[in-house]
Amino acid sequence: LAKTTQPISMDSYEGQEVNITCSHNNIATNDYITWYQQFPSQGPRFIIQGYKTKVTNEVASLFIPADRKSSTLSLPRVSLSDTAVYYCLVGPTGTAGNKLTFGGGTRVLVKP
Amino acid sequence: GAGVSQSPRYKVAKRGQDVALRCDPISGHVSLFWYQQALGQGPEFLTYFQNEAQLDKSGLPSDRFFAERPEGSVSTLKIQRTQQEDSAVYLCASSLNTGYNQPQHFGDGTRLSIL
């Protein structure tokens, strides 16, 4: 089970780009990297998922270097509403075993 | 509705009572997950269903916790003889396909308080 390490918290300002790096040194060959966002009193919300290189969608980009031992979630031009906790998950495909660990997440505070 | 629905939203029980928490997943979603989230912590996996089959219950903390999904849609998490350490938010998630890495759609949880 790949363990992840993220910064506990980050502060930013409206309009800036926020980059959150997650370390996963013992990632396995069949592991994917998934990021979720969680607001207070709500369930987590899927943001983006990737295996290697770069993935981009309408809300974020995910950068994964060739060795896959880390990944960076990039949130462009954040607004106050992006204040939330962001979780990095690493886990395999398949249906066997307890493979999902959210960890403590990164608390992002966007200031005006 | 379009999303995962959980009920009740809040539940207060006395220590020793049994509680039942309900999850209505997105229609047609094969996979269903239950998580426990303590205050200030990330969600912790409890159990996983593929349709009606409970394929993984390795995260259930004790035999007081029981989950079922008898018809492959609605699921119930039951906690017997509740204890104060059971106080947490219980989250349900569903995904369209099988496996742990499919994007999961979460409900807003049931906040359980044991007095």
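We name chains A, B, ... by the order of the sequence lines, and we start the count at 1 in each one. What's counted below: heavy atoms across the whole structure, side chains too, no hydrogens, waters or symmetry copies.
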Euclidean distance, Q38(A) CD relative to D108(B) CG, rounded to 0.5 Å: 9.5 Å
Which portion of F39(A) sits near chain B, non-hydrogen atoms under 4.5 angstrom: neither
Which portion of S41(A) sits near chain B, non-hydrogen atoms under 4.5 angstrom: both
Per-residue contact mode, Q37(B) against chain A (heavy atom under 4.5 angstrom): side chain
Crowding at CD1, I8(A) (>12 non-hydrogen neighbours, <6.0 Å): no
Flag if over 12 foreign heavy atoms under 6.0 Å of CD, E85(B): yes
Interface moiety of Q49(A) toward chain B, non-hydrogen atoms closer than 4.5 Å: side chain
R15(B) CZ: over 12 foreign heavy atoms closer than 6.0 Å: no
Flag if over 12 foreign heavy atoms under 6.0 Å of OH, Y51(A): yes
Contact check, side chains of Y35(B) and P44(A), non-hydrogen atoms, under 4.5 Å: no
Shared hydrophobic cluster, V19(B) / L91(B) (ILVMFWY, side-chain heavy atoms < 4.5 Å): no
